[in-house]
Asks: 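The structure is given below, and queries will be raised subsequently.
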Protein chains: 2
Amino acid sequence: MSRRAVQSNIARTAEALFVAKGFEETTVDEIAAAVGMSQRSFFRYFPSKDEVVLDSLARLGEELAARLAARPPGESEWDSLRRAFDPVVERFGDPVSREHDAAIQRIIDGSPRLFASYLRRLEHLQRDLTEALLVRAGAGADPVVMRAMVGGAFACLHASAFPTFEASDEFGPCLDRTMAALRPVAAR
Amino acid sequence: MSRRAVQSNIARTAEALFVAKGFEETTVDEIAAAVGMSQRSFFRYFPSKDEVVLDSLARLGEELAARLAARPPGESEWDSLRRAFDPVVERFGDPVSREHDAAIQRIIDGSPRLFASYLRRLEHLQRDLTEALLVRAGAGADPVVMRAMVGGAFACLHASAFPTFEASDEFGPCLDRTMAALRPVAAR
DNA sequence: ACCGGAAGTGTCAGTGACTGTCGATTCTTG
DNA sequence: CAAGAATCGACAGTCACTGACACTTCCGGT
């Protein structure tokens, strides 16, 4: 069993427990026992209990950064960011993975501690996207404005996600509407 | 001694220890001993070690929400948000409190755990401001767009804060420039 | 076949943030 | 002054996380 396989085994087992009992009510010992390993070994595969839930988010982040870097240089930053979000839109198109993501989101929202870790992960992600945007824009760009723009785009993404989870509203159109309303005047 | 007085006494003592030894390296036992109380009593005044640092942020949040609610109804949301940030700008105008805030920020950035709690607090703050904005806007406003706009404004605030802490750049002009660049086309 | 190290694991002990409980003290209020 | 409330310290317990050590397994080289 490769490391990656063990990790995803742990993650699937843990998620089932979290859904059944709640995040805070599930101890690491229980997860380890359910997987069939010691608590010590659990921490050899995940640096913290939080990471079991947030792990998938990290890989999504890498994908977004790669997409953003691959956008044509002439495109406005705002449009590039919107296009970089396409994998998320596509993911929400499939009812199965959307329901899975909604379950994960419920787990995250259910624990203040985990929710805080989640926000930190998003912050990291935004830093990566800002980096990609700055590389693409060259020396003429203002880092502060770029950072703020990425933050604004993420705010659109984040705000559009909630109604999608609660009602089964269409995510793509909602994101488009929100990003159109927030489009900076400078983005031409 | 009122509860409030004890809290600020704890906060001042703890901040000194955090600056001297670092956040993670300072135990709650040490803080309690320095103040002259038991660990148990420490937790009677603060729900967690994090809150000692983030406490001041909560009160700032209330002030921002109140300012936002008091803005004239005709003003565009973006301008209202910028004006709601005035207390922050003013606070950074005074070199003493700016240096204090920079020290706090260094403590926060030094601990991933604390940084996560900090982001959660900011998230709460944004929810409050969104609420205030929705009340003011009436039934015609899109909650998703409002939420995203508050997030965008906070992204400007957050992005403008870092250069102010590192170089002693002027915060007000930097914020104005960033918010002008990010100003939504819809805000007229 | 034998030996060497590298990698993965369990066990144990310890730290530190928090929480519940309980008995004692102090403070308030009638 | 007495009864009740608020406050506190002491103690024990839970849980996430970490370091240390010993053990097994699985290699390639000899």
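Bear in mind that the values here come from a model prediction, so they are computed numbers and not experimental data.
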Asks: Report yes if at least one side-chain N or O of Tyr45(A) is closer than 4.0 Å to OP1 or OP2 of dT9(C); otherwise report no.
Replies: yes

Asks: Between protein and nucleotides 18-27 of chain D, map the contacts as a letter string: B base, S sugar-phosphate only, - none, heavy atoms under 4.0 Å, written 5' to 3'.
Replies: BBB-------

Asks: Kindly give the heavy-atom pair with the smallest separation between Arg136(B) and Ser80(B), and that separation in Å.
Replies: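 It is NH1-OG, 2.8 Å.
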
Asks: Check Glu123(A) with Arg147(A), please: is the shortest side-chain N to carboxylate O separation under 4.0 Å?
Replies: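 A salt bridge is present here (some side-chain N lies under 4.0 Å from a carboxylate O).
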
Asks: What's Phe42(A) touching, base or sugar-phosphate or nothing? Going by heavy atoms closer than 4.0 Å.
Replies: nothing

Asks: Between Asp86(B) and Arg67(B), does any NZ, NE, NH1 or NH2 come within less than 4.0 Å of an OD or OE carboxylate oxygen?
Replies: no

Asks: Taking the side chain of Ser38(B) as heavy atoms from C-beta outward, which of dA17(C), dC17(D), dG9(D) is closest to it?
Replies: dG9(D)

Asks: Rounded to the nearest 0.5 Å, what separates atom CD in Glu30(B) from atom CD in Gln39(B)?
Replies: 11.5 Å

Asks: Do Arg121(B) and Asp55(B) sit within salt-bridge range, that is, some charged N less than 4.0 Å from a carboxylate O?
Replies: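 Asp55(B) and Arg121(B): not salt-bridged.
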
Asks: So which of residues 2-13 of chain A are in contact with DNA chain D, with a heavy-atom cut-off of under 4.0 Å?
Replies: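 Contacts with DNA chain D under 4.0 Å: none.
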
Asks: What is the nucleic acid contact for Ser41(A), judged by heavy atoms within less than 4.0 Å: base, sugar-phosphate only, or nothing?
Replies: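 Here Ser41(A) touches the backbone only, sparing every base.
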
Asks: Across all strands, who's sitting opposite dG4(C) as a Watson-Crick or G-U wobble pair, both distances under 3.5 Å?
Replies: none

Asks: So, are Arg106(B) and Glu99(B) salt-bridged, with charged N and O less than 4.0 Å apart?
Replies: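 Glu99(B) and Arg106(B): salt-bridged.
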
Asks: Where along residues 108-121 of chain B does a heavy atom fall under 4.0 Å from DNA chain D?
Replies: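 Per residue number, the list is empty: none.
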
Asks: Would you mind pulling out the nucleotide paired to dC27(D), Watson-Crick or G-U wobble, both distances under 3.5 Å?
Replies: none

